[in-house]
Protein chains: 2
Amino acid sequence: MSHLTLKQLRYFTTLARHGHFGRAAEACAISQPALSMQIKELEETLGTALFERTSRKLRLTGFGEIFEERARAILRDVDALGDLARASHDRLVGRLRIGIIPTIAPYLLPRIIADLTGAFPGLDIQVRETMTPKLAQELSDGLLDTAIVALPVSDPAFVEVPILTETFVLVRHLEQAEQPVPDRDKLREMRLLLLEEGHCFRDQALSFCSIPSGRPREGLDGSSLSTLVQMVGAGIGVTFIPEMAVAVETRSARVSIARFDDPQPSRTIGMIWRRSNPLAAQLDDIAQTFLKAARGWQDISAANHATAP
Amino acid sequence: MSHLTLKQLRYFTTLARHGHFGRAAEACAISQPALSMQIKELEETLGTALFERTSRKLRLTGFGEIFEERARAILRDVDALGDLARASHDRLVGRLRIGIIPTIAPYLLPRIIADLTGAFPGLDIQVRETMTPKLAQELSDGLLDTAIVALPVSDPAFVEVPILTETFVLVRHLEQAEQPVPDRDKLREMRLLLLEEGHCFRDQALSFCSIPSGRPREGLDGSSLSTLVQMVGAGIGVTFIPEMAVAVETRSARVSIARFDDPQPSRTIGMIWRRSNPLAAQLDDIAQTFLKAARGWQDISAANHATAP
DNA sequence: AATGGGACATAAGGAAAACTTATCGAAAAA
DNA sequence: TTTTTCGATAAGTTTTCCTTATGTCCCATT
């Protein structure tokens with residue numbers, strides 16, 4: 001026995017509406033025998049007559065009426081599903097699982113989410129915050145759709161799109177505010193407080209100071225920029241933080257900020273996703289959204305800094 | 001652009017479950033390229049990727065997950081619809097519109113409905129009570145599925161199945177109880193009260209008395225057997241009623257019942273339906289149900305009469 | 001009663017869709 | 001490297017589906 005097809009349901013509902021094979025066939029844009037055969041096939045598949053073919057009059061059977069109602073419901077659902085798919089060409093739908101590193105999450109995330117929900121209403125955004133290697137792994141495993149990290153990641157499986165460049169500033173104790181900004185050689189002699197192993201920001205800071213990242217250091221490691229800044233405020237040492245963190249982190253500590261002359265230390269923040277992800281176009285859309293928004297983020301950041309006490 | 005097909009949805013959900021073209025194809029009992037092509041076709045129709053084909057791993061896209069859920073829902077509905085149809089082979093489903101003539105409705109209908117709901121649970125029974133010509137018309141027009149009338153109707157478009165034979169009894173005033181039962185010739189000289197034009201029972205009574213049914217009569221016509229019996233009780237004349245009506249109608253009137261010697265007046269009650277109705281098998285089932293139940297109906301009727309005062 | 005026309009079913013052949021096997025290419029595993 | 005795995009592609013065949021032409025039945029007309 002053959003199977004029910006959507007074509008049969010479409011033909012059936014049209015015939016039910018018209019009550020006339022010839023006209024229904026015309027409405028279906030097929031010939032009358034083609035319609036007859038499909039209906040016959042449908043009735044045989046069901047094992048039940050749907051129409052009562054009396055001379056000159058075509059009538060739905062009792063079951064036919066029930067069948068029509070349910071067939072229409074199914075066709076509605078199918079069409080709706082097709083529409084949904086077609087709507088998801090340009091508009092991102094459903095769930096977006098986004099990963100972000102901890103050294104930018106607290107400062108950027110609120111704005112990122114605000115921009116995303118603004119640009120893609122109805123999008124279900126899920127955020128995961130952890131360090132780059134883990135994000136990369138989860139991205140590979142399909143647990144994430146995209147991640148916001150420091151570039152480059154240099155994984156050939158990922159697409160990388162730069163979003164913004166952020167400079168690092170030196171955080172010293174408030175009492176050192178008037179001292180000259182140290183150069184790299186001086187820095188190496190100071191007690192540099194850094195994030196624990198695994199944070200890319202740690203490596204970036206070490207790299208700026210030309211310190212090999214593998215070597216064990218006698219310095220104390222913090223688990224967040226906040227902690228580091230508090231430690232600096234306590235007079236334990238100096239540290240770096242990204243420009244965007246300044247406004248938030250230096251507000252409640254006895255620290256001062258110093259900016260380096262060119263070449264300033266900096267890192268590029270960007271978005272990555274699987275090269276194989278078919279939503280490349282939409283993800284690129286998102287990246288562009290961020291790119292445009294990023295100027296705003298930095299301006300606000302700068303403004304915050306300017307008005308900070 | 002091509003159209004969505006159920007086949008594609010089935011293949012898709014299988015592939016989504018297995019996450020592997022080869023095994024999914026096996027599960028679908030087709031070759032792997034056939035599955036690949038259908039999935040590709042589906043994705044092109046939708047204009048959206050459903051799977052992310054990374055090397056060695058097959059993963060649903062975000063939209064794919066949404067799509068899977070809805071596709072499964074549709075397939076469930078379709079399968080349920082098929083099952084419903086298959087279940088309606090032997091079991092009558094949905095609505096049964098049944099017509100019945102007024103001269104049996106009051107006595108038989110409660111039992112008919114009880115028997116039907118017993119034998120076909122879940123059946124939605126709708127009853128229409130009117131005279132035979134109107135029933136026949138409505139049956140022809142598809143407003144009724146079947147009718148219970150006096151046979152024969154002799155319409156070649158209808159199937160007729162006899163259910164039971166009911167005899168007519170003479171209803172006279174209580175004071176005439178001891179008088180001999182009149183023969184047909186005597187009857188013609190009495191004042192015979194009959195139902196108004198259109199009731200088949202009227203014609204059947206006239207026929208028994210060998211009176212042409214077309215001729216205008218000076219008798220008073222009643223619109224129901226109840227009325228006629230009450231008129232008899234008031235001493236206005238005599239009338240016939242069917243055996244089954246005796247118990248109900250003679251309870252509250254000053255009348256007596258007389259039965260004729262053979263050949264007793266009688267009529268055959270039967271069920272009719274459109275010959276073209278594809279539910280012939282089920283309707284025949286119902287007729288058989290009535291046929292079996294009819295013995296019970298008549299017994300109860302006789303018992304009622306025996307115990308009547 | 002014969003005839004004409006409307007309406008659906010059936011028949012036969014051809015176009016389109018779907019499936020098959022065979023093969024390719026890329027990526028992972030050995 | 002070579003081998004294996006897995007999905008895509010190619011080519012050819014089967015099946016499905018649709019077309020036109022024709023048949024059959026029933027009603028309406030004469």
Side-chain angles (χ1 to χ4, degrees), chain A residues 1-12 14-45 49-61 64 140-142 155-158 274-278, chain B residues 1-12 14-45 49-61 64 140-142 155-158 274-278:
Chain A
M1 174 172 302
S2 154
H3 249 203
L4 213 60
T5 69
L6 284 182
K7 197 183 302 198
Q8 288 170 345
L9 293 189
R10 287 192 205 285
Y11 289 175
F12 164 74
T14 313
L15 178 56
R17 186 180 357 255
H18 287 82
H20 185 284
F21 276 77
R23 283 187 283 280
E26 192 179 8
C28 294
I30 56 172
S31 66
Q32 170 264 314
L35 180 64
S36 286
M37 280 171 7
Q38 287 296 327
I39 297 297
K40 184 184 168 193
E41 174 81 19
L42 174 60
E43 289 181 323
E44 279 172 7
T45 299
L50 294 168
F51 293 98
E52 184 177 334
R53 293 142 169 90
T54 170
S55 50
R56 201 148 306 262
K57 248 294 191 284
L58 189 70
R59 201 183 1 247
L60 276 174
T61 61
S140 284
D141 291 348
D155 184 324
F158 297 153
R274 292 185 300 278
R275 195 174 295 281
S276 63
N277 194 329
Chain B
M1 175 171 305
S2 155
H3 248 208
L4 214 57
T5 70
L6 284 182
K7 196 183 303 201
Q8 288 170 345
L9 293 189
R10 285 190 208 284
Y11 289 175
F12 164 75
T14 312
L15 179 56
R17 192 187 341 264
H18 287 81
H20 186 285
F21 277 77
R23 283 188 283 280
E26 191 180 8
C28 294
I30 56 170
S31 65
Q32 169 263 314
L35 180 64
S36 285
M37 281 169 10
Q38 286 297 325
I39 297 297
K40 184 183 168 194
E41 173 81 19
L42 174 60
E43 288 180 324
E44 277 172 9
T45 300
L50 295 168
F51 293 97
E52 183 178 335
R53 295 142 168 88
T54 170
S55 49
R56 197 138 314 251
K57 248 299 192 280
L58 190 70
R59 204 184 356 252
L60 276 173
T61 62
S140 284
D141 291 348
D155 184 324
F158 297 153
R274 293 185 300 278
R275 194 173 295 281
S276 63
N277 193 328

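Owing to the predicted nature of the structure, the values given are computational and were not obtained by experimental measurement. These values consider heavy atoms only, across backbone and side chains, with no hydrogens, waters or symmetry-generated copies. Each chain gets a letter, A, B and so on, in the order the sequences are listed, and its residues count up from 1.
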- Query: Rounded to the nearest Å, what distance is computed from the CG atom of residue B:Leu15 to the C1' atom of nucleotide D:dC6?
  - Reply: 12 Å
- Message: Rounding to an integer number of Å, can you tell me how far A:Ile39 CD1 sits from C:dA7 P?
- Response: 17 Å
- Task: Treat primed atoms plus P, OP1 and OP2 as sugar-phosphate and everything else as base, then score nucleotides 11-23 of chain C 5' to 3': B for base contact with protein heavy atoms under 4.0 Å, S for sugar-phosphate contact only, - for none.
- Result: B------SBBBB-
- Atom CG of B:Leu58 and atom C1' of C:dA27 are separated, to the nearest Å, by 15 Å
- Answer yes or no: is there a donor N or O on one side and an acceptor on the other, between the side chain of B:Arg274 and the main chain of B:Phe158, under 3.5 Å? no
- Below 4.0 Å: OP1/OP2 of C:dA9 and any side-chain N or O of A:Arg53: yes
- Query: Please give, in whole Å, the distance from D:dC26 P to B:Arg275 CZ?
  - Reply: 11 Å
- Item | Heavy-atom pair with the smallest gap, counting every atom of B:Ala34 and B:Ile30 | CB-CD1, 4.0 Å
- Under 4.0 Å from any atom of DNA chain C, heavy atoms only: list the residues of residues 16-27 of chain B that qualify, in numerical order. none
- Query: Does CD belonging to A:Gln32 count more than 12 external heavy atoms closer than 6.0 Å?
  - Reply: yes
- Query: Short question: side chain of B:Glu41, backbone of B:Gln8 - any donor-acceptor pair under 3.5 Å?
  - Reply: no
- Item | Sidechain-backbone polar pair: B:Glu43 side chain, B:Leu50 backbone, donor-acceptor under 3.5 Å | yes
- Is there a donor-acceptor pair closer than 3.5 Å between any side-chain N or O of A:Thr45 and the backbone N or O of A:Leu4? no
- Message: Applying side-chain contact (heavy atoms from CB on, under 4.5 Å), can you list everything that pairs with B:Arg17, at least two apart in sequence or on another chain?
- Response: B:Arg72
- Item | Heavy-atom check, side chain of A:Thr14 versus side chain of A:Leu35, under 4.5 Å | no
- Message: Would you say B:Lys40 places a side-chain N or O within less than 4.0 Å of OP1 or OP2 belonging to D:dT9?
- Response: yes
- Item | Rounded distance in Å - CG (A:Leu6) to P (D:dC17) | 12 Å
